[in-house]
Colleague: 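Below is the structure I would like to discuss, written out as C-alpha cells.
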Amino acid sequence: MVERPASAVKELVENSIDAEATSITIEIENGGLSRIRVTDNGAGMSADDALLAFERHATSKINGADDLDAISTLGFRGEALASIAAVSKIRLETVRRGFSEGIFVQLEAGSLVSQGIIGRPSGTSIDVEELFYNTPARLKYMKSPQAESSRIKDVVDRFVLGYPCLSFRYINAGKQILYSPGTGRLDEAIVAVYGHEAAGKMLFVEYEWQGVKVSGYIGLPEMARANRTFQTFFVNGRYVRSPILSRALEEAFSTLVMVNRFPMCIINLELDPHCVDVNVHPAKIEVRFVDERKIAAVLFHAVKRALSSGGLLGKDEHKVDLPISVGDGHVEQSPIVDGTNGTTQRASFDSLPYHQEKFLQRANVHETPDSYDSLFMRVIGILFSTYLLVEKADQLCIIDQHAAHERILYERYMSILQNQSLQLQYLASPLVLEMSVQERQLIAENIELLRSMGFEIEEFGTESYVLRAVPTLFGQPQAESLLKDIIDGMKEFDRNSPYDYRREAVMMLACRSAIKANDYLSEMQAAKLADEILSGAVPPTCPHGRPIVHVITKHELEKMFKRVQ
Ligand code: ADP
Ligand code: MG
C-alpha cells in the first residue's frame, strides 16, 4: 500500500536499484502530490514486462523457496507499481540496455489509456502525476506539501547514504537539492546529504567481532540532535530503524551528550542474513536480531573505540579536541600548572574538601607546546561560590566546579578500575552496618561488583555486614553513606545490560564525592581544577552530559562592547 508520496518514492527508487541502475534522478513537485518522476539507467523492461508490471503480484523477483529465506532484492511483494498506478495518472517509459527503442505505457486510476513505441536512452522512467486524485479521503490525509517533501528528502537521504556506489540527483520544483557522485565513498555521500561542515565533524567507525562488521561514521557529541532522525542504520544494506541499535549508540555516547539529545550516525552492520529477521514489519523497516545482546555490544564497542581514537573525517581541516579518555578510561598525562606563579608542579588534590588520598598521581611534567599555552592561564576568581572564572589565552572560561570535579573523579575511577590498580584503604576500625532485608539481598547479589570497586565487605551475623576497606579515592568519613548510596542505586541496575555495568555505580560515586556548588575552594585548588579541565585531559561534559565549561572569547567581548564590528 502506498500511504504517501514518500512511500511511492521509496518503492520507485527500490525498483531502480533492483534493475541495477547506477544513476537515479528523483524529481518532485508540490510535495510529490502533483508529480513524482524517477528516472534510472537500469536494465529496462521488455514490452511484455512493461505491461505486466502493473498487474498485482507481477513480481519478477522470486525464483524459488530459497529466495524467500534470504531475500536479496529490495522489493518482493510485487504490487508497488500496481498500487501506485491505481491512485494516480502514471506514465512508464522503458528501453532495455543495449537498445535505443522501447515502449511507453500510460494508465489512469489503474486502467490502460495508451501505449506505444518510443526512442530514448536505455533505462526506465516512471512519472506519477496527481497522486491520490481519485481517492479524496486519502488526499485529505496528506500534510502540507512542505511536510511531504521533507519526508521525501529523508527517504532520498537514506538511499544516498545506503548506496554510496550509486549516483543520486534530487530535484524539488525544478531546483536541484542534492547530488551524490556515486563514487562508492561513504564520506562523499555524507557530504552530499549533510554538507561539508557537518561531514567535518564526523568520526570514522570500523570494527568487527565474531562475524559482525560495523562500519560508518558517527557525529561528534556536539552534533547531537533533538531527535533520532539523524541516526541512520543499515543492516546488510537495508535501512532499518531499531531501538536496540539506537540504544547501543546512545549508551556509548552516554556521558558526552545531554539528556534528550541524540547522537547522529550513519552505520552499516553486516552479519549473516540468517541472524536477522527483516520480515517483522510490512514496511520492512524494522529488524529483529537472533542475538540482540551481541549486536548491541559490538556496536557499543565500535562507537566507544571510535570516540576514543578520534580519527576525523575531514582530515586536518578541522582539528577537534576530542575527549581523550572516553573509551577505555585512560587518562592522558598532562602537565599541571599552578596558576598563581606559573610554575609547573606535581598536582595533588590532597587538600580538596572531600579527598585525602594521593588521588592525582601525575608525576612527570612533559614540556609540550601545550604546556606553554596553559602558562597563560589565570584564575580570576570564583563567581557565586560555584563558577571558576579563568582567563586562558584570549578566552574567558567559566567552569562549573561541581561538574568539573565530578568528571575528573569519574575518569580517574574508571581508569583505575580498568587498569585494576585500585588501592584500598583499610579502616582503622571496621564499620558494622545494619542492613534491611532488601539491602542485604542487593549486597549478596552484587558482592563481586562491590569488591571490584574497592569495597571490602562481608557478612557479619545474620543482619549486618562489616565494611573493612574502601577505595582510597574516597575518604573514610563518607564511606558508610557512600556505600548506602551505591546499594540504593543498585536497585535500578540492569544486570542483563550488555554495557559496562559498573558505569552507573561510578557515576554515582563521582557525583556523590565531588565538590558541590557553594563548597569553598582555595585559590590553589581552583587553579588545579581549572587546569585539569582546560588541558583537555577529560571530556568537556560531566558524566550526566551537562557542560563543564562555557567559553567567551575576547572577540565576543569586544563585539559586546562595540569595540569591534
Ligand atoms: P516488485 O518490485 O515487488 O517486483 P513492483 O510492483 O515494485 O514489484 O514492480 C513490478 C515489476 O516491474 C518488477 O518486478 C520489475 O520487473 C519491473 N520494474 C519496476 N520498476 C522497474 C525499473 N525501474 N526498471 C526495470 N524494471 C522495473
Ligand atoms: Mg518494487
Side-chain angles (χ1 to χ4, degrees), residues 1-28 32 35-64 66-107 109-112 115 118 120-129 131 155-156 158-159 162-163 166-170 182 237-239 278-279 281-285:
M1 167 131 129
V2 180
E3 291 143 23
R4 38 185 10 118
S7 28
V9 170
K10 174 171 172 283
E11 295 291 345
L12 297 175
V13 174
E14 284 183 349
N15 282 345
S16 297
I17 294 173
D18 284 346
E20 295 173 340
T22 56
S23 165
I24 300 169
T25 299
I26 302 120
E27 292 161 90
I28 68 155
R35 157 163 289 160
I36 297 168
R37 179 160 51 206
V38 175
T39 307
D40 67 48
N41 64 349
M45 291 172 248
S46 69
D48 287 350
D49 285 348
L51 286 164
L52 263 179
F54 296 99
E55 306 276 326
R56 270 183 209 274
H57 308 292
T59 186
S60 59
K61 293 172 190 166
I62 297 179
N63 298 317
D66 272 1
D67 271 17
L68 281 174
D69 223 27
I71 288 148
S72 60
T73 57
L74 292 165
F76 58 91
R77 288 160 302 129
E79 56 178 43
L81 276 189
S83 37
I84 296 170
V87 293
S88 67
K89 300 172 181 173
I90 198 167
R91 181 184 165 92
L92 161 77
E93 295 182 7
T94 188
V95 172
R96 276 190 294 163
R97 220 168 252 159
F99 294 77
S100 55
E101 218 170 59
I103 183 176
F104 79 85
V105 178
Q106 236 165 298
L107 292 90
S111 309
L112 189 66
Q115 68 179 92
I118 45 144
R120 46 157 284 151
S122 67
T124 302
S125 119
I126 294 184
D127 197 344
V128 180
E129 270 183 71
L131 189 62
V155 167
V156 173
R158 277 170 215 150
F159 280 117
Y163 296 89
L166 308 183
S167 171
F168 291 92
R169 196 181 294 278
Y170 171 55
R238 192 182 296 262
Y239 172 79
V278 287
N279 249 337
H281 191 273
K284 298 175 289 170
I285 225 174

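Both ligands and their constituent atoms are indexed starting at 1 by order of listing.
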Colleague: Looking only at distance, does Asp40 have an N or O less than 3.5 Å from an N or O of ligand 1?
Modeller: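 Right, the criterion is met.
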Colleague: Quick one: closest heavy-atom pair of Ser16 and Ile24, and the distance?
Modeller: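 Heavy atoms only, the tightest pair is CB-CD1, 3.8 Å.
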Colleague: Going by distance only, is there an N or O of Leu81 that falls short of 3.5 Å from an N or O of ligand 1?
Modeller: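 It does: an N or O of Leu81 is found under 3.5 Å from an N or O of ligand 1.
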Colleague: Heavy atoms only: give me the nearest Thr94-Gly44 pair and the separation to one decimal.
Modeller: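 That closest heavy-atom pairing would be OG1-CA, 3.3 Å.
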Colleague: Could you tell me which non-hydrogen atom of Val2 sits nearest to which non-hydrogen atom of Ala80, and how far apart they are?
Modeller: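 So the two residues come closest at CG2-O, 4.4 Å.
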Colleague: Provide the number and element of each atom of ligand 1 under 4.0 Å from a heavy atom of Ala19.
Modeller: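 Under 4.0 Å from Ala19, ligand 1 has these atoms: 24 (N), 25 (C).
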Colleague: List every atom of ligand 1 that sits less than 4.0 Å from any heavy atom of Asn15, numbering the atoms from 1 in the order shown and giving each element.
Modeller: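 Near Asn15, the atoms of ligand 1 are 2 (O), 5 (P), 7 (O), 9 (O), 19 (C), 20 (N), 21 (C).
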Colleague: Ligand 1 versus Ala80, non-hydrogen atoms closer than 4.0 Å: side chain, backbone, both, neither?
Modeller: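 Both backbone and side chain.
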Colleague: Under the rule for salt bridge (charged side-chain N to carboxylate O under 4.0 Å, His left out), what residues qualify as partners of Arg120, not counting sequence neighbours?
Modeller: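 Arg120 satisfies salt bridge (charged side-chain N to carboxylate O under 4.0 Å, His left out) with Glu93 once adjacent residues are dropped.
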Colleague: For ligand 1, find out whether one of its N or O atoms is nearer than 3.5 Å to an N or O atom of Glu11.
Modeller: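 No, Glu11 has no N/O under 3.5 Å of an N/O on ligand 1.
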Colleague: Residues two or more places apart in sequence or in another chain: which of them pass side-chain contact (heavy atoms from CB on, under 4.5 Å) with Glu101?
Modeller: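 Counting only residues at least two positions away or on another chain, Glu101 forms a side-chain contact (heavy atoms from CB on, under 4.5 Å) with Ile117.
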Colleague: Which atoms from ligand 1 have a heavy atom of Ala53 less than 4.0 Å away?
Modeller: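 Close to Ala53: 10 (C), 12 (O).
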Colleague: Between Arg37 and Glu27 (salt bridge meaning N to carboxylate O under 4.0 Å), is one present in this structure?
Modeller: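 Looking at Arg37 and Glu27, the cut-off is met.
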